[in-house]
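Each remark here refers to the structure printed beneath this line.
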Amino acid sequence: PNMVTLTYIDAYQVERTTTYPNLAACILAFSGCVTLPDSYQVVSVTYKGQTLPFTGRIGDFYRYLIQFDQSLRNSN
């Protein structure tokens with residue numbers, strides 16, 4: 001099962017969904033800058049079925065992912 005689901009609006013104003021098998025794969029995808037344009041609007045992000053409190057653009061999503069990953073590590 002995929003752990004991370006990202007829903008966003010593309011350049012044509014179409015809602016798209018991308019899934020990642022785990023948080024590490026998602027972070028890796030966004031550490032390069034070719035995944036999705038920074039300007040795309042994020043609709044929602046779910047992790048293990050729970051919606052994360054992120055609103056903003058793809059350009060801010062990577063920083064949020066890193067902080068979220070750190071908070072998960074710190075809580076274990």
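Computed over heavy atoms, backbone and side chain alike; hydrogens, waters and symmetry mates excluded.
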For this session: Kindly work out whether a path of hydrophobic side-chain contacts (I/L/V/M/F/W/Y, heavy atoms less than 4.5 Å apart) joins Ile66 to Phe30.
Result: yes
Exercise. Is Thr17 close to Leu6 at the side-chain level, that is, under 4.5 Å between some pair of heavy atoms?
Worked result: no
For this session: Give the C-alpha distance, both sets of side-chain angles, the deciding distance and a yes or no for side-chain contact (heavy atoms from CB on, under 4.5 Å) between Leu72 and Tyr47.
Result: CA-CA 11 Å; Leu72 285 180; Tyr47 175 69; 3.7 Å; yes
For this session: With Phe68 as reference, evaluate Val45, Leu52, Ile27 under the side-chain contact (heavy atoms from CB on, under 4.5 Å) test and give the passing residue.
Result: Leu52
Exercise. Heavy-atom count around Gln50 CD within 6.0 Å, excluding the residue itself: above 12?
Worked result: no
Exercise. Can you tell me how far the NZ atom of Lys48 sits from the CG atom of Asn22, to the nearest 0.5 Å?
Worked result: 10.0 Å
Problem set entry | For Gln41, all residues meeting side chain to side chain donor-acceptor pair (under 3.5 Å), sequence neighbours excluded | Arg57
Problem set entry | Ile58 vs Val42 side-chain heavy atoms within contact, under 4.5 Å | yes
For this session: State, yes or no, whether a side-chain contact exists between Thr55 and Tyr64 at a heavy-atom distance under 4.5 Å.
Result: no
Exercise. Hey, are the side chains of Thr7 and Arg16 touching, using non-hydrogen atoms and a 4.5 Å cut-off?
Worked result: no
Problem set entry | For Arg63, salt bridge (Lys or Arg N to Asp or Glu O under 4.0 Å) partners two or more places apart | Asp60
Exercise. Are any of the side-chain heavy atoms of Val4 and Thr19 separated by less than 4.5 Å?
Worked result: no
Exercise. Stepwise, does the side-chain contact (heavy atoms from CB on, under 4.5 Å) test hold for Ile9 with Tyr40?
Worked result: CA-CA 6 Å; Ile9 303 291; Tyr40 284 11; over 6 Å; no
Exercise. Taking atom OG of Ser44 and atom CD of Glu15, what is their separation to the nearest 0.5 Å?
Worked result: 7.0 Å
Exercise. For the side chain of Asp69 and the backbone of Leu65, is there at least one donor-acceptor N/O pair under 3.5 Å apart?
Worked result: no
Exercise. Do you know which two heavy atoms are closest between Cys26 and Phe61, and how far apart they sit?
Worked result: SG-CE2, 4.1 Å
